[in-house]
Amino acid sequence: MAAASVARSATTPFPLNVVSKPSQSDHFPKTALNFDPRFKRCRIALALASLRSDDNDRSSNGGHGHNHLIGGALELDSSAFDDFPYDVVSKDLHTLPRPLSSTHLSNSVSDGSRLRVAYQGVRGAYSESAAEKAYPNCEAVPCEQFDTTFEAVERWLVDRAVLPIENSLGGSIHRNYDLLLRHRLHIVGEVKLAVRHCLLANHGVEVEDLKRVLSHPQALSQCEHTLTKLGLVREAVDDTAGAAKHVALHKLKDTGAVAGSAAADIYGLTILAQDIQDDCDNVTRFLMLAREPIIPGTDRPFKTSIVFSLEEGPGVLFKALAVFALRQINLTKIESRPLRKQPLRASDDNNGRYFDYLFYVDFEASMADQSAQNALRHLKEFATFLRVLGSYPMDRSMI
């Protein structure tokens, strides 16, 4: 299914009024319990459907459903590991904890003393600030790659992970969308972080001394106007804090870095200029991931994230999104990603081949709500694949 199918067809007018039509999913419960003991691992998949039969019945119990629909799996690995080597925090660049790599995953384990939260990058990264905002007083554990961060949680080396999923200027982080599907972690929360870029350099270096600047490609593009005005040559590196670390470690005199103020404190750099981003409304949304889902509630605003796929055909995506519109459920995000194992499929009429897509959708409702349960039950009637990634409290804090 082409991504362009998201757009409304010019020949198919969108109805001004959508009339709700009952679905079979609104009239009967479904319960499933699966246990798989293979390879000394347990997998428990639990799906609880509401015993209530219709969206309108919610009014009889104050608008709340009785049961929760929870999708996912819990995997336990009995392997034993050595002590986790990330307990020392120091401003000495040679003694700072190295990012966790895939080679460390076989000889590390959480000691249970404090909540360990994995993030991608090195110390001073924006992801570290997001982890500390999401879990105050946690022990933030740096990881080299996004993949390593997921694996650290799955192997019980850390308790949680905090990963970026979208930026208000740069858009979606596609790699993490793909990893959400590949791994079996659950979204248990979200946190939004205002990104404030600074121009950093070693002590004694002035702006006039700089000839080039290092940072992540997104950070460089977000500060394009300021950096062009200063006449600096831009060089892209893996992450913002890594750029600051490189400048400090090699004591560069003609090179600066674009990073956050936390990186300046950690690596002993001077802040030559603050808030150098071209757009002040620069916010990154991060997901909080765990091995087990949280029990959704109705005591606060919740958001639910799902991923599904559809058969090819006219109006199929419209039909999928209509299950939410019929129940007055607001969608906050839709993202399409190619289905990697079979990106191309022959059309039924043999007129060519088309792309298969997965659709990631966020909507404002808790899986404890009857309407959300009915919407997903309705969607499952014609979706070829459906998975709930998490139902979690929304971050409504002021940035």
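- Ser168 places a side-chain N or O within 3.5 Å of a backbone atom of Val283 that can act as its donor or acceptor partner.
- Separation of atoms CZ (Phe146) and CD (Gln120) is listed at 4.5 Å; rounding is to 0.5 Å.
- Listed by chain and number, the residues in a salt bridge (Lys or Arg N to Asp or Glu O under 4.0 Å) with Glu166 are Arg285, Lys333 (sequence neighbours excluded).
- Ion pair Lys303/Glu190 flagged as a salt bridge, since at least one NZ, NE, NH1 or NH2 atom sits closer than 4.0 Å to an Asp/Glu carboxylate oxygen.
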Yes or no on salt bridge (Lys or Arg N to Asp or Glu O under 4.0 Å) for Asp147 and Arg175, after CA distance, side-chain angles and deciding distance? CA-CA 9 Å; Asp147 310 59; Arg175 177 62 177 163; 2.3 Å; yes

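- A salt bridge is absent between Lys192 and Asp395: the closest approach of a Lys/Arg side-chain nitrogen to an acidic carboxylate oxygen does not fall below 4.0 angstrom.
- In this pair, His246 and His250 present their aromatic rings tilted. The plane angle is within the 30 to 60° band.
- Put simply, the side chain of Met367 reaches to within 4.5 Å of the side chain of Leu376, judged on heavy atoms.
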Intermediate values then yes/no, side-chain hydrogen bond (donor to acceptor under 3.5 Å, both in side chains), Tyr360 and Ser172: CA-CA 11 Å; Tyr360 293 81; Ser172 299; over 6 Å; no

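- Proximity of a side-chain donor or acceptor of Ser371 to a complementary backbone N or O of Arg327 within less than 3.5 Å is not detected.
- The shortest non-hydrogen separation linking Ala241 to Ala125 is CB-N, 3.4 Å.
- Within the structure, salt bridge (charged side-chain N to carboxylate O under 4.0 Å, His left out) pairs that include any residue of residues 198-207 do not occur (at least two apart or interchain).
- Residues Ile329 and Leu321 share a single hydrophobic cluster, defined by chaining ILVMFWY side chains whose heavy atoms lie under 4.5 Å apart.
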Check step by step if side chain to side chain contact (heavy atoms under 4.5 Å, CB included) holds for Leu227 and Val213. CA-CA 8 Å; Leu227 298 179; Val213 62; 4.0 Å; yes

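- In the hydrophobic clustering, where aliphatic and aromatic side chains (Ile, Leu, Val, Met, Phe, Trp, Tyr) are joined below 4.5 Å either directly or transitively, Tyr119 stands alone.
- With hydrogens and angles disregarded, no donor-acceptor distance shorter than 3.5 Å links the side chain of Thr255 to the backbone of Leu252.
- Linking Ile, Leu, Val, Met, Phe, Trp and Tyr residues whenever their side-chain heavy atoms come within less than 4.5 Å places Leu317 and Phe324 in a single cluster.
- Under the 4.5 Å side-chain contact rule for hydrophobic residues, Val233 and Leu230 do not share a cluster.
- Although no hydrogens or angles enter the test, the distance criterion places a donor-acceptor pair under 3.5 Å between the side chain of Asn176 and the main chain of Pro164.
- Side-chain atoms of Glu235 never come within 3.5 Å of backbone atoms of Ser215 as a donor-acceptor pair (strictly under, hydrogens ignored).
- Contact check for Tyr392 versus Ser305: side-chain heavy atoms found under the 4.5 Å cut-off.
- One finds the CG atom of Leu289 at 13.5 Å from the CZ atom of Arg184 (value rounded to the nearest 0.5 Å).
- Note on Ile165 and Val191: same hydrophobic cluster, where clusters join Ile, Leu, Val, Met, Phe, Trp and Tyr whose side-chain heavy atoms are under 4.5 Å apart, directly or indirectly.
- You'll find the side chain of Phe363 stays beyond 4.5 Å of the side chain of Asn330, heavy atoms only.
- With rounding to the nearest 0.5 Å, the separation of CD in Glu381 from CG in Leu386 is 11.5 Å.
- Going from atom CG of Leu200 over to atom OG of Ser261 covers 8.5 Å, rounded to the nearest 0.5 Å.
- Here the closest heavy-atom approach between residue Ala368 and residue Thr298 is recorded as CB-CG2, 3.8 Å.
- With contacts defined as side-chain heavy-atom distances shorter than 4.5 Å, the pair Arg291/Trp156 qualifies.
- Under the side-chain hydrogen bond (donor to acceptor under 3.5 Å, both in side chains) criterion, Glu224 pairs with no residue at all, not counting sequence neighbours.
- His186 and Glu292 share no side-chain donor-acceptor pair at under 3.5 Å.
- Side chain of Asp275 to backbone of Arg196: no donor-acceptor contact under 3.5 angstrom is found.
- Between Gln218 and Gly170, the shortest heavy-atom distance links the atoms OE1-CA, 3.7 Å.
- For the pair Arg300/Met394, no side-chain contact is recorded, criterion being any heavy-atom separation below 4.5 Å from C-beta on.
- Residue pairs satisfying the salt bridge (charged side-chain N to carboxylate O under 4.0 Å, His left out) criterion with at least one member in residues 248-258, sequence neighbours excluded, are absent.
- Side-chain contact between Leu220 and Leu214 is absent, with no heavy-atom pair separated by less than 4.5 Å.
- Of the residues Val153, Leu163, Leu389, Thr149, the one that meets the side-chain contact (heavy atoms from CB on, under 4.5 Å) test with Leu185 is Val153.
- In this structure, Gln370 and Asn374 have side chains that are in contact, with non-hydrogen atoms separated by less than 4.5 Å.
- Taking OG1 of Thr304 as the reference point, atom CD of Glu364 lies at 10.5 Å (rounded to 0.5 Å).
- Contact detail for Ser391 and Ser366: the closest heavy-atom pair is OG-CA, 3.7 Å.
- Atom NE2 of His174 has more than 12 heavy atoms from other residues, nucleotides or ligands within 6.0 Å.
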With side-chain hydrogen bond (donor to acceptor under 3.5 Å, both in side chains) as the test, would you mind laying out the steps for Gln373 and Asp369 before giving the verdict? CA-CA 7 Å; Gln373 294 180 23; Asp369 293 335; over 6 Å; no

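- Across every non-hydrogen atom of Val258 and Thr240, the tightest pair is O-CB, 3.5 Å.
- The number of heavy atoms from other shown groups lying within 6.0 Å of CG (Asn167) is above 12.
- Although no hydrogens or angles enter the test, the distance criterion places no donor-acceptor pair under 3.5 Å between the side chain of Asp279 and the main chain of Asn282.
- Linking Ile, Leu, Val, Met, Phe, Trp and Tyr residues whenever their side-chain heavy atoms come within less than 4.5 Å leaves Tyr126 and Leu169 in two separate clusters.
- Note on residues 271-311: pairs passing ring pair (Phe, Tyr, Trp, His ring centres under 6.0 Å), not counting sequence neighbours, are Phe308-Phe359.
- Smallest separation of non-hydrogen atoms from Arg116 and Leu157: CD-O, 3.7 Å.
- Looking at Val117, Val122, Ile266, Val162 one by one, the single match for side-chain contact (heavy atoms from CB on, under 4.5 Å) with Glu128 turns out to be Ile266.
- If you take CG on Leu210 and CG on Leu272, they are separated by 6.0 Å, rounding to the nearest 0.5 Å.
- A side-chain donor-acceptor contact under 3.5 Å links His203 to the backbone of Gly268.
- Other residues, nucleotides and ligands contribute more than 12 heavy atoms inside 6.0 Å of the CG atom of Asp299.
- For the pair Glu335 and Tyr177, the minimum side-chain heavy-atom distance is below 4.5 Å.
- Of the possible polar contacts, one joining the Thr226 side chain to the Ile276 backbone as a donor-acceptor pair under 3.5 Å is found.
- For the pair Gln277 (side chain) and His197 (backbone), a donor-acceptor distance under 3.5 Å is present.
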